[in-house]
Amino acid sequence: MWVYIEKISDFVDKEVTIKGWLYNIRSSGKLMFPELRDGTGLIQGVVSKKAVSEKVWEDFGKLTQESSVIVTGVVSKHPKKEDVYELQVNGLEIVSIAEPYPITPKEHGVDFLADRRHLWLRAPRQAAIMRVRNEIIQSIRDYFYNNGFILFDAPIFTPNACEGTSTLFSTDYFDLGKAYLSQSGQLYAETGALALGKVYTLGPTFRAENSMTRRHITEFWMMEPEMAFYDIDDNMDLIEDFLAYVVQRVIKNKRKELTFLERDLTKLEKIVKPFPRITYDEAVEILIKKDIPLIRKTANGEEHIRPFPWGEDFGAPHEEAIVEDFDKPVMVHRWPSEAKAFYMKRDPDNPKIALGVDVLAPEGFGEIIGGSQREDNLEFLEERIKEHGLPMSEFEWYLDLRRYGSVPHSGFGLGIERMVSWICNLEHIREAIPYARRPNRIRP
RNA sequence: UCGAAGAUAGCUCAAUGGUGGAGCAUUCGGCUGUUAACCGAAGGGUUGCGGGUUCGAGUCCCGCUCUUCGAGCCA
């Protein structure tokens, strides 16, 4: 009977068939130990020369790394290791002998591996990450489905820029001139919220930023919920409830994979409600207390400005300093409006403040969520579009949301790959998606 | 875009300005509990590209290309 390796413990002392690939093989005279993988896990086979036919013995000798095989044998417990199973092999059918495989069980450089991403994904580590990614996305879909949200897919081709055109990829669009690849589905999600109440988008987004860091890719998946009649505080309530749900569910269902990735689960287990909420003002106080300067690049080097001046956005060292005292995601809210996007609502009590919130993941993973209450006043929004030099005509449909039954509403955007990086404790975002697109890489 | 480091065998890396090596991978042989198995042998190189200094350059100098790491920008 054909079984998958992840279910192998249900078949102890039974004969089973495994269909998969040879991951590695060791031999010791009259014994061979082929390691088999089938996409769901790894299992070690034991081939004893006296227990198998001469043909099976010889065929095992021909196998190369990643050769595809159908192996039959009896499942047994490992003689020395707890909760580890082996396959006492009695039959082998060779499906295909692999050519010399470039990715050996030894170490490789990241560029070498990235060139062979289509093969690298077969590695147990990469497969574990992909399983965690799958669980994260499924948790997100289940959370929103079970909480009354409607999946509302935003278009990828867009005519306008949400926040300036310098970071947009463009392409020709028939007789209509340029189309841009979406860098956010938010504006469309807002239309969905006013149509359906609570919606979310989940799809690829694109940023033409020449950012060569461990936290950036040019094509990434973003999940953006948008809720009518939610204010900034309702928004933060949702963020912490949602994040805690996803993290706890992934720990529960993907413990084996996270353990394999050497993730410290005690740190993830602490991700439960409530999360710390601090205002931008309080965050600046922390920076001043810790004497973290604002660093400005100048013609002849760097200028260190202290104390940290109110109104400036935070960089990596600032996020680090703010988060290091907490072991949960930190929600920093009520930002200087100057530094924030045109669609964020101004604080009615203080026009210098925008009702935005950034969520900084612990352990130095930085921003994983950006959100806000949206500007719902027609005149204010028109003003903001003018201030940002954006073409009013492109936003008429967006402004209609403020003309026809405008309501307070809020939402946020979560970067899926940053979430995966954080939960798996990855050193680089390139491992968080099957095929990472970066400024210097578009293949394979 | 800026800053730093780097590019040598299929891979990961050594080599004081003086005959380019090792481990792994590959091929062959040995071994009845291996697990990044081990032991023995063999094959494998235009030292990223172009120029310069020198009796002599992988090594020093100049230019270019590419990679990695960091910063900015952001999710």
Side-chain angles (χ1 to χ4, degrees), chain A residues 23-35 42-51 57 61-62 64-66 76 78-81 84 86 88 98-116 123-124 162-164 166-167 183-186 204-224 294-299 301-302 312-320 339-341 358-361 365-371 412-422 427-430 432-433 438-441:
Chain A
Y23 177 66
N24 194 8
I25 187 164
R26 294 172 286 271
S27 72
S28 183
K30 307 289 189 295
L31 278 178
M32 281 193 268
F33 300 95
E35 264 189 286
L42 275 176
I43 188 167
Q44 174 169 275
V46 182
V47 187
S48 169
K49 189 170 185 182
K50 66 181 179 191
W57 180 259
K62 292 178 195 162
T64 55
Q65 190 185 354
E66 286 302 316
S76 64
H78 194 286
K80 296 173 193 164
K81 292 182 184 171
V84 175
E86 297 182 318
Q88 303 295 328
E99 294 178 23
Y101 193 64
I103 301 179
T104 66
K106 278 277 182 174
E107 59 206 309
H108 299 285
V110 285
D111 190 48
F112 177 85
L113 290 169
D115 281 339
R116 291 155 187 80
C162 193
E163 303 167 45
S166 64
T167 59
Q183 56 179 193
S184 165
Q186 180 202 312
T205 50
F206 307 86
R207 305 263 167 106
E209 294 160 348
N210 193 5
S211 299
M212 294 290 289
T213 80
R214 64 174 67 185
R215 308 179 55 246
H216 289 85
I217 42 183
T218 56
E219 177 185 319
F220 66 98
W221 282 63
M222 189 148 67
M223 190 284 301
E224 295 173 283
L294 175 71
I295 298 172
R296 266 217 190 93
K297 290 261 158 71
T298 58
E302 287 178 345
E312 294 290 334
D313 215 339
F314 301 147
H318 310 108
E319 288 184 358
E320 183 73 28
K340 287 292 176 183
D358 282 1
V359 180
L360 308 177
F365 281 90
E367 186 179 346
I368 53 170
I369 283 177
F412 63 89
L414 167 80
I416 299 293
E417 288 74 22
R418 288 194 178 172
M419 183 83 174
V420 174
S421 293
W422 168 42
E427 278 186 21
H428 200 292
I429 198 166
R430 76 179 125 235
I433 184 169
R438 305 182 64 225
N440 66 341
R441 179 171 296 280

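Since the model is a prediction, treat every value here as computed from it, not as a measurement. Throughout, a chain's letter reflects where its sequence line sits, starting with A, and its residues are numbered from 1.
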In whole angstrom, give me the gap between the P atoms of B/A25 and B/A41. 16 Å
Does A/H108 reach a base, just sugar-phosphate, or nothing at all? Heavy atoms under 4.0 Å. sugar-phosphate
If I pick the P atom on B/G44 and the same atom on B/A9, what distance separates them, to the nearest angstrom? 15 Å
Salt-bridge present (A/R26, A/E35; N to O < 4.0 Å): yes
Could you give the CG-to-C1' distance, from A/L42 to B/U34, as a whole number of Å? 15 Å
My understanding is that only residues two or more places apart in sequence, or in another chain, count here; which of them pass ring pair (Phe, Tyr, Trp, His ring centres under 6.0 Å) with A/H216? none
Can you tell me which nucleotide in B/A75, B/U34, B/G33 comes closest to the side chain of A/R26? B/U34
Reckon A/H428 touches a base, only the sugar-phosphate, or nothing at all at heavy-atom distances under 4.0 Å? sugar-phosphate
With sugar-phosphate meaning primed atoms plus P, OP1 and OP2, does A/L414 contact a base, only sugar-phosphate, or nothing at under 4.0 Å between heavy atoms? nothing
What nucleotide among B/C73, B/U12, B/U68 has an atom nearest to a side-chain atom of A/V110? B/U68
B/G33 to B/G70 separation - P atoms, rounded to the nearest Å: 46 Å
Treat primed atoms plus P, OP1 and OP2 as sugar-phosphate and everything else as base, then score nucleotides 1-10 of chain B 5' to 3': B for base contact with protein heavy atoms under 4.0 Å, S for sugar-phosphate contact only, - for none. B---------
Nearest-angstrom distance, C1' atom, B/A57 to B/G20: 12 Å
Under 4.0 Å between any heavy atoms, over every strand shown, what does A/K340 touch: base, sugar-phosphate, or nothing? Just pick one. nothing
Tell me whether the side-chain N/O atoms of A/R214 come closer than 4.0 Å to OP1 or OP2 in B/C74. no
Contact class for A/G366 (heavy atom, under 4.0 Å): base, sugar-phosphate, or nothing? nothing
Out of B/A71, B/U34, B/C74, minimum distance to the side chain of A/E86 belongs to B/U34
Side-chain donor-acceptor pair present, A/E224, A/Q186, cut-off under 3.5 Å: no
Check A/E209 with A/R438, please: is the shortest side-chain N to carboxylate O separation under 4.0 Å? no
Per-pair stack call A/F33 and B/G33, 5.5 Å, 30°: no
A/K80 side chain near B/U34 phosphate (N/O to OP1/OP2, under 4.0 Å): yes
Atom-pair distance (CZ on A/R215; P on B/G72), nearest Å: 10 Å
Which value, in whole Å, describes the distance between the C1' atoms of nucleotides B/A7 and B/A15? 16 Å
Base, sugar-phosphate, or nothing: which does A/D358 touch, judged by heavy atoms less than 4.0 Å apart? nothing
Under 3.5 Å for both distances, Watson-Crick or G-U wobble, that's the pair rule; now give the dot-bracket for RNA chain B, with | marking pairs to another strand and [ ] for crossing ones. (((((((..((((....[..)))).(((((.......))))).....(((((..]....))))))))))))....
Given the P atoms of B/C49 and B/C55, what is the spacing between them in whole Å? 25 Å
Consider the side chain of A/Q44, meaning its heavy atoms from C-beta on, and name the nucleotide among B/U32, B/G72, B/U34 that approaches it most closely. B/U34
Check the side chains of A/T104 and A/Q65 for a donor-acceptor pair under 3.5 angstrom, ignoring hydrogens and angles. no
A/R418 side chain to A/L414 backbone, donor-acceptor under 3.5 Å: no
Tell me what A/S48 touches on the nucleic acid: a base, only sugar-phosphate, or nothing, going by heavy atoms under 4.0 Å. nothing
Relative to the 5' end of RNA chain B, which residue comes earlier, A/P317 or A/I217, by the nucleotide with the nearest heavy atom? A/P317
Just compare B/C74, B/U67, B/U34 and give me whichever is closest to any side-chain atom of A/N440. B/U67
Among B/C74, B/U32, B/A75, find the nucleotide with the atom closest to the side chain of A/K50. B/U32
Students often get this wrong, so: under 4.0 angstrom with heavy atoms, is A/I295 touching a base, only sugar-phosphate, or nothing? nothing
Report which part of the nucleic acid A/S27 touches: base, sugar-phosphate, or nothing (heavy-atom distance under 4.0 Å, all strands). base
Taking only Lys NZ, Arg NE, NH1 and NH2, and the carboxylate oxygens of Asp or Glu, determine whether A/D111 and A/R430 approach each other closer than 4.0 Å. no
Of A/R418 and A/I25, the one whose closest RNA chain B nucleotide lies more 5': A/I25
Base, sugar-phosphate alone, or nothing: which one does A/E367 contact when heavy atoms must sit under 4.0 Å apart? sugar-phosphate
